[in-house]
Participant: 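One structure coming up, written as structure tokens, with questions to follow.
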2 protein chains.
Amino acid sequence: MATMQEVAIRAGVSIATVSFVVNGTKNVSPGTREKVTTAMADLGFRNNVVARALASRRTRILALLFPALEHRLGSTALQFVSSAAARASELGYHLVLWPAGTTADDLTELLSGGLADGVLVMEVKMTDPRIEKLVEMDVPFLSIGRTSDPSALPFVDMDFETTVENGLDYLQGLGHRRIGLVIEDLEGTSMDGYGPHIRVERSFRSGMMRRKLTPVVVACGPSARGGREAARMLLEQDPKLTAVMIMKDDSTFGLVSGLTSAGLSVPDDVSILAVASSNESGAATEPVLSTMNAPGHELGGLAVEALVARLDTGSTELPHVLLPCVLNVADSTVVARER
Amino acid sequence: MATMQEVAIRAGVSIATVSFVVNGTKNVSPGTREKVTTAMADLGFRNNVVARALASRRTRILALLFPALEHRLGSTALQFVSSAAARASELGYHLVLWPAGTTADDLTELLSGGLADGVLVMEVKMTDPRIEKLVEMDVPFLSIGRTSDPSALPFVDMDFETTVENGLDYLQGLGHRRIGLVIEDLEGTSMDGYGPHIRVERSFRSGMMRRKLTPVVVACGPSARGGREAARMLLEQDPKLTAVMIMKDDSTFGLVSGLTSAGLSVPDDVSILAVASSNESGAATEPVLSTMNAPGHELGGLAVEALVARLDTGSTELPHVLLPCVLNVADSTVVARER
DNA sequence: TTGTAGGCGTTATCAC
DNA sequence: GTGATAACGCCTACAA
């Protein structure tokens with residue numbers, strides 16, 4: 001790991017010149033450029049990220065905050081991360097994942113050195129201390145998901161309203177009129193107030209009302225057991241239910257098995273539509289689930305693009321990107337049949 | 001974000017003194033320490049990580065490389081990451097996840113600046129270019145998992161041999177003699193040659209032989225479909241199978257359903273033992289699976305400890321830590337019944 | 001116990 | 001087109 005100094009000496013030029021060719025900051029005559037590049041190659045020069053960061057106040061590093069570690073990184077989150085990393089790389093940035101707690105303390109510590117040029121925040125809650133901290137510290141950021149009042153903040157997010165609406169349209173088109181919704185039970189957890197569930201429930205209720213239908217909503221505990229319990233509660237509220245939308249991948253199997261245990265067949269008696277899911281998750285169940293796939297891939301790329309645009313161009317406009325899930329019909333949804 | 005300089009001025013001391021109290025590098029009289037700390041508090045001083053890194057050639061950052069992004073981060077990997085992050089934090093380090101590709105190129109770029117003091121490598125393959133690169137660059141690292149010849153390298157890993165042995169003991173103790181193994185089919189993928197599957201298969205075969213039993217091994221494709229297919233293949237090889245060990249969480253449900261479709265009941269006809277799994281994964285199936293839980297939590301902590309020990313004490317000894325999975329008996333394993 | 005001053009490896013502003 | 005040369009913010013002998 002040679003330094004610029006060493007390269008400069010070997011190339012017989014000044015250290016400044018080396019810097020110019022490394023960064024393309026200024027015009028350098030083909031001759032000296034040649035000398036410098038071969039010197040770099042000979043010495044195996046690698047620009048020192050830390051020194052560069054100190055001098056230029058930019059690292060070309062993007063930090064992706066995720067309170068990970070509390071629940072598993074689902075396949076949609078992974079899609080998001082991976083496409084974000086890819087896009088960042090294309091744009092000349094590096095993406096690192098920061099397993100920061102939900103609190104904002106140790107976050108401060110790292111950002112204060114300018115270790116990252118910008119920050120992506122995942123798993124945003126309706127009111128999120130991290131966001132507040134970022135605003136306070138004046139660090140360029142972009143959130144995936146929205147706080148309760150996101151109008152003044154840059155974000156990309158799933159368009160839950162449209163997603164639910166499309167889902168209801170689809171199910172209604174199949175003749176379903178008694179439709180239930182299963183969402184995750186996050187009361188009392190650190191994820192209480194988490195946006196998606198709230199937005200989905202709200203959209204579901206209003207969408208059903210608008211259709212003159214009665215919304216049946218159930219909160220679902222963890223894992224398969226939670227799903228089975230949800231099935232029981234759903235049937236308790238409406239024994240004649242013919243369709244269920246569920247936004248909780250790890251409980252979907254339990255839901256199916258709960259319905260089956262109750263003597264109902266999926267999809268013949270009850271259709272199931274998994275929301276904010278993926279083909280991969282859908283394939284894990286039998287029958288293969290019809291899903292509304294989370295646009296994790298697109299959002300990841302868009303998030304990075306928006307953030308980098310802000311960084312590179314200094315553009316100050318606030319990106320507000322909303323993408324709905326896209327319907328993928330498989331084997332768990334069929335035409336409604338009265339019971 | 002005040003600088004040390006500013007703090008020094010406000011406290012009426014030299015910048016060096018501030019540095020001493022910040023780092024505890026030297027003794028400082030209670031009086032001046034007091035002045036400095038209040039000055040820091042007043043100004044909201046935050047140590048600049050980048051500057052510190054440049055001057056001291058250490059960042060107190062640990063990079064965790066994972067080729068993530070190719071398959072989802074399972075719950076055991078997550079356990080690992082989260083406990084590693086926690087332990088790092090306790091030891092005064094920060095853990096960042098680096099979604100580096102399997103290749104070693106962009107890895108070089110970041111490490112060359114000394115951005116991370118040390119590196120943890122996950123998902124190590126039998127022969128791994130990243131490891132080679134790290135050795136070449138002389139970056140302190142520790143791998144989770146082993147290359148094919150790890151004797152000269154520091155690692156922590158699951159003890160697959162013991163795990164399989166214990167699993168076989170347990171099943172044999174229940175009277176099972178016709179036991180199958182399902183492992184992931186990684187041929188031709190970038191994970192081909194990946195250690196765990198190879199080690200597990202090897203241990204299984206030799207363990208069965210030693211018991212004078214006939215090993216039945218099946219490679220399993222992705223998702224539930226793969227599991228069903230695996231069930232078919234297993235029964236094809238031995239229709240009288242009474243137990244199956246499976247190391248592939250996302251296909252376990254498919255395995256169960258495949259066996260069920262074949263008219264076999266789990267666990268009455270066939271016991272199932274999920275290896276390198278977790279209670280969480282086990283609960284996602286019906287019946288709840290007996291599992292051999294991956295020691296992800298312990299390994300995460302140990303990995304960080306070992307790496308930090310090497311960093312802080314300059315200790316040069318090579319940690320070779322092996323931990324077996326621990327058996328958790330649930331509802332999918334019962335006494336063998338002849339068919 | 002505290003202060004002085006010379007780096008750490010780049011970037012960037014001026015001159016030339 | 002190139003080359004000095006201050007920063008960047010902190011660490012750390014070495015002095016005092």
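Values below: all heavy atoms of this structure, side chains included; hydrogens, waters and symmetry mates excluded. In what follows, chains carry the letters A, B, and so on, assigned in the order in which the sequence lines appear, proteins first and then strands, with residues in each chain numbered from 1. Everything quoted here is computed from the prediction, not taken from an experiment.
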Participant: With the sugar-phosphate defined as primed atoms, P, OP1 and OP2, and the base as all remaining atoms, what B/S/- string results for nucleotides 7-16 of chain C, 5' to 3', for protein heavy atoms under 4.0 Å?
Facilitator: BBBBSBBB--
Participant: Considering residues at least two apart in sequence or located in another chain, which fulfil the side-chain contact (heavy atoms from CB on, under 4.5 Å) criterion with A:Arg58?
Facilitator: A:Ser56, A:Arg60, A:Tyr93, A:Asp117, A:Asp312
Participant: Mind checking if B:Val18 touches a base, just sugar-phosphate, or nothing, with heavy atoms under 4.0 Å?
Facilitator: nothing
Participant: Kindly write out the residues that satisfy side-chain contact (heavy atoms from CB on, under 4.5 Å) with B:Glu6, not counting sequence neighbours, or none if the list is empty.
Facilitator: B:Ala2, B:Thr3, B:Leu43
Participant: So which pairs with a foot in residues 13-23 of chain B pass side-chain hydrogen bond (donor to acceptor under 3.5 Å, both in side chains), sequence neighbours left out?
Facilitator: B:Ser14-B:Thr17, B:Ser19-B:Asn23, B:Asn23-B:Arg52
Participant: Could you work out how much the helix from C:dT1-D:dA16 to C:dC16-D:dG1 bends, comparing the axis of its first five pairs with that of its last five, to 10°?
Facilitator: 40°
Participant: What's the spacing between A:Leu302 CG and A:Leu307 CG if we round to 0.5 Å?
Facilitator: 12.5 Å
Participant: Among residues at least two apart in sequence or on other chains, which ones pass salt bridge (Lys or Arg N to Asp or Glu O under 4.0 Å) with B:Glu90?
Facilitator: B:Arg87
Participant: Can you run down the side-chain hydrogen bond (donor to acceptor under 3.5 Å, both in side chains) pairs that involve residues 35-45 of chain B, sequence neighbours left out, and say none if there aren't any?
Facilitator: B:Arg10-B:Asp42
Participant: Considering only heavy atoms, which members of residues 27-35 of chain B lie under 4.0 Å from some atom of DNA chain D?
Facilitator: none
Participant: So among A:Val121, A:Leu115, A:Leu62, which one has a side chain to side chain contact (heavy atoms under 4.5 Å, CB included) with A:Trp98?
Facilitator: A:Leu115
Participant: Not counting sequence neighbours, which residues clear salt bridge (Lys or Arg N to Asp or Glu O under 4.0 Å) with B:Glu136? List them please.
Facilitator: B:Lys133
Participant: Applying side-chain contact (heavy atoms from CB on, under 4.5 Å) to B:Ser143 and B:Ile131, what does each step give before you reach the verdict?
Facilitator: CA-CA 8 Å; B:Ser143 68; B:Ile131 301 276; 3.8 Å; yes
Participant: Would you check if A:Ile144 and A:Leu120 make a side-chain contact, meaning some heavy-atom pair closer than 4.5 Å?
Facilitator: yes
Participant: I need the full list of ring pair (Phe, Tyr, Trp, His ring centres under 6.0 Å) pairs touching residues 111-146 of chain B, with sequence neighbours left out, sorted by first then second residue.
Facilitator: none
Participant: Restricting to side-chain contact (heavy atoms from CB on, under 4.5 Å), what partner residues turn up for B:Leu322, sequence neighbours left out?
Facilitator: B:Arg146, B:Phe155, B:Asp157, B:Asp159
Participant: Walking along DNA chain D from 5' to 3', note the first and the last nucleotide with an atom under 4.0 Å from a heavy atom of chain A, and give both.
Facilitator: D:dG1 to D:dG9
